[in-house]
Amino acid sequence: MFYRNTINSESPYILSGQLDEFLKSQPPRSRIEHDQYPRSLLHVTFWSLPLLPCKTFGHRIKMVSIPEYYEGKNVLLTGATGFLGKVLLEKLLRSCPKVNSVYVLVRQKAGQTPQERVEEVLSGKLFDRLRDENPDFREKIIAINSELTQPKLALSEEDKEVIIDSTNIIFHCAATVRFNENLRDAVQLNVIATRQLILLAQQMKNLEVFMHVSTAYAYCNRKHIDEVVYPPPVDPKKLIDSLEWMDDGLVNDITPKLIGDRPNTYIYTKALAEYVVQQEGAKLNVAIVRPSIVGASWKEPFPAGKGILRTIRASNNALADLVPVDVVVNMSLAAAWYSGVNRYMRPRNIMVYNCTTGSTNPFHWGEVEYHVISTFKRNPLEQAFRRPNVNLTSNHLLYHYWIAVSHKAPAFLYDIYLRMTGRSPRMMKTITRLHKAMVFLEYFTSNSWVWNTDNVNMLMNQLNPEDKKTFNIDVRQLHWAEYIENYCLGTKKYVLNEEMSGLPAARKHLNKLRNIRYGFNTILVILIWRIFIARSQMARNIWYFVVSLCYKFLSYFRASSTMRY
């Protein structure tokens with residue numbers, strides 16, 4: 001006789017590993033029918049399963065915590081030398097201290113071995129707290145020589161065997177983040193590398209979760225983006241095959257037509273990579289996290305604080321969908337945990353998490369401008385080139401006017417000064433390089449999107465109270481003014497190595513720059529008067545008329561203000 005048992009479990013309790021063991025023990029005739037997870041409720045219906053004792057099903061079974069799930073697990077990580085990867089590595093080792101091993105796939109670069117590259121990462125300030133709490137953490141990290149774009153990832157047979165036998169969880173964070181990468185290289189790094197890793201994952205004997213880090217802008221050609229994998233713009237296999245016989249000139253010629261309404265090759269190939277994960281990883285337990293603009297990869301506060309960058313093509317009212325890197329890391333670890341503990345009850349479709357802030361805690365580029373500049377004015381940088389200031393404009397003509405007046409002209413004069421003092425001119429090169437980088441950001445600073453975050457909300461509700469604190473993904477708690485200020489001060493301290501004790505000298509330097517600006521503007525007005533106004537009676541008459549009009553306006557304004565009182 002068979003019974004139908006329906007388990008409805010709300011956060012933070014669902015079925016645990018006890019069910020996993022039970023399902024493994026069932027005969028082939030037993031089966032599980034399940035629908036895709038509802039947004040806030042896990043509903044699983046068991047058919048043809050014998051009724052279990054009360055001690056198993058008669059009470060709610062508490063789901064293992066995130067640290068408990070990672071206990072004894074072996075994790076494979078790509079992209080560990082990149083920003084997101086190294087933060088994930090540190091968080092995993094610090095907050096899940098009983099994780100068994102972390103295999104880090106790293107390639108040789110610039111004469112450094114993989115072990116040397118990993119050691120360089122681990123010696124950074126990011127790992128200071130981990131070194132204090134767990135001095136032996138290095139023993140858990142195993143650097144493996146690998147090249148993701150090469151066949152079979154260029155793994156040695158020995159390393160491949162270890163990985164296949166031992167890996168339980170994969171975090172695929174590696175990708176090129178260059179927006180202007182040529183299409184061939186972008187496909188190689190973002191699509192083919194992902195495919196190679198999927199093929200390796202299919203051979204793993206004990207793999208529980210494949211976590212793929214994508215981007216929230218993979219489908220930025222849509223204004224409303226759900227937590228699903230959309231059809232790709234082109235079949236990735238056909239594109240890969242075509243790129244093998246095309247020369248570079250032909251690839252460059254067809255790239256604009258291929259990427260269509262997507263802004264660059266990075267976004268285009270990340271969409272293709274998601275489709276590869278969905279299709280070729282169909283038999284794997286896959287989850288995808290899509291972060292928007294990861295906080296620390298947003299370079300704007302650096303040059304703005306020094307006064308080099310002063311004009312940005314952007315819309316003040318466009319949403320600045322920034323997301324702190326620790327939120328991305330916490331969501332990745334939590335999403336892998338959720339997929340892992342529910343691996344025998346996973347939905348038909350891949351679980352996708354839009355890791356964004358715009359829908360739940362909106363923040364606009366105009367507000368970013370205000371908070372960045374106000375922070376650097378209160379806490380100036382010691383080696384500022386000019387007073388910190390940024391003007392956002394969406395007007396094409398006004399943008400190029402300010403580029404010429406506020407960027408290129410001062411840079412040109414500064415390079416003349418450097419030549420006169422016997423130094424090598426560099427500011428025009430800096431400005432040119434900076435503006436080339438900013439061109440690729442215009443698309444994201446001038447448009448807004450709406451991301452569905454139902455899966456994120458569901459995941460957040462599944463966390464127990466302790467995990468909600470340790471692996472916080474609730475961006476509703478984020479105070480933007482404080483975040484921007486901390487980010488700018490972190491830039492000052494950790495990137496530029498400027499201590500807060502140097503603030504008095506930095507403020508004096510800022511006042512000096514202000515006096516230089518006032519002096520320059522005064523000289524400029526005198527020159528304009530002498531060259532264009534003093535020599536023409538008509539110009540003088542126009543000048544006097546404008547001054548008189550301004551004086552009358554101010555007088556009227558003062559009189560109106562007095563009458564109100």
Side-chain angles (χ1 to χ4, degrees), residues 66 79-80 82-96 121 124-130 171 173 175 177 211 213-217 227 288-302 304-305 318-337 353-372 374-376 379 441 444-445 448-449 451 453 455-457 459-460 463 467-495:
I66 294 179
F83 180 74
L84 182 62
K86 67 175 70 171
V87 175
L88 191 150
L89 177 62
E90 191 275 341
K91 177 68 175 182
L92 174 64
L93 292 170
R94 178 166 50 83
S95 298
C96 304
V121 168
K125 293 181 179 179
L126 173 64
F127 290 83
D128 284 351
R129 180 178 172 185
L130 182 58
F171 287 99
C173 302
V177 294
M211 171 57 62
V213 179
S214 183
T215 173
Y217 298 100
E227 294 175 306
I288 296 176
V289 169
R290 292 180 183 153
S292 50
I293 303 175
V294 182
S297 67
W298 183 52
K299 302 298 184 183
E300 187 177 313
F302 302 162
L319 285 172
D321 210 295
L322 308 175
V323 57
V325 66
D326 53 335
V327 172
V328 182
V329 166
N330 289 341
M331 193 172 296
S332 299
L333 292 170
W337 158 82
Y353 302 88
N354 285 335
C355 186
T356 60
T357 58
S359 299
T360 52
N361 190 355
F363 192 53
H364 300 87
W365 286 110
E367 297 174 277
V368 173
E369 170 198 8
Y370 171 79
H371 290 297
V372 168
S374 62
T375 297
F376 278 125
N379 307 279
L441 294 180
F444 306 100
T445 56
S448 297
W449 292 265
W451 283 278
T453 56
N455 286 345
V456 173
N457 294 332
L459 179 63
M460 187 164 55
L463 301 178
D467 284 348
K468 283 183 178 180
K469 294 179 182 178
T470 307
F471 302 90
N472 185 19
I473 59 175
D474 189 0
V475 296
R476 294 172 300 181
Q477 303 173 7
L478 182 60
H479 188 259
W480 284 114
E482 181 181 353
Y483 170 74
I484 293 295
E485 180 172 0
N486 289 338
Y487 179 69
C488 292
L489 295 180
T491 300
K492 176 180 174 68
K493 183 176 181 180
Y494 295 108
V495 178

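These numbers were taken from a predicted model, which means no experiment stands behind them.
Applying the salt bridge (charged side-chain N to carboxylate O under 4.0 Å, His left out) definition to pairs two or more places apart or across chains, those involving residues 469-487 are R378-E485, D474-R476.
Looking at heavy atoms from C-beta onward, L84 lies in side-chain contact with V329 at the 4.5 angstrom threshold. Under the 4.5 Å side-chain criterion, counting only non-hydrogen atoms from C-beta, F83 is in contact with V325. Under the 4.5 Å side-chain criterion, counting only non-hydrogen atoms from C-beta, Y487 is not in contact with I484. A 4.5 Å side-chain heavy-atom check between T470 and K91 finds at least one atom pair inside the cut-off. Contact of the I66 side chain with the L463 side chain is registered, since non-hydrogen atoms from C-beta on lie closer than 4.5 Å.
In this structure F444 satisfies the ring pair (Phe, Tyr, Trp, His ring centres under 6.0 Å) test together with F179, Y217, sequence neighbours excluded. Residues meeting the side-chain hydrogen bond (donor to acceptor under 3.5 Å, both in side chains) test with H364, sequence neighbours left out: E367. Under the side-chain contact (heavy atoms from CB on, under 4.5 Å) criterion, A175 pairs with N190, K270, not counting sequence neighbours. Shown here are the salt bridge (charged side-chain N to carboxylate O under 4.0 Å, His left out) partners of D326, two or more places apart in sequence or in another chain: there are none. Remark: V121 engages T81, K86, F127 in a side-chain contact (heavy atoms from CB on, under 4.5 Å) (not counting sequence neighbours).
To the nearest 0.5 Å, atoms CG (N354) and CD1 (I288) are separated by 10.0 Å. With values rounded to the nearest 0.5 angstrom, M331 atom CE is found 12.5 Å from R290 atom CZ. With rounding to the nearest 0.5 Å, the separation of OG in S292 from CH2 in W449 is 10.5 Å. One distance of note links SG of C355 with CD of E227; it measures 10.5 Å at 0.5 Å rounding. Rounded to the nearest 0.5 Å, atoms CG (L319) and OG (S359) are 8.0 Å apart.
Remark: of the listed residues L478, N361, V328, T356, V328 is the sole one forming a side-chain contact (heavy atoms from CB on, under 4.5 Å) with V323.
Taking the six-membered ring where the residue is Trp, W480 and Y483 present perpendicular rings, their angle passing 60° and hence far from 30°.
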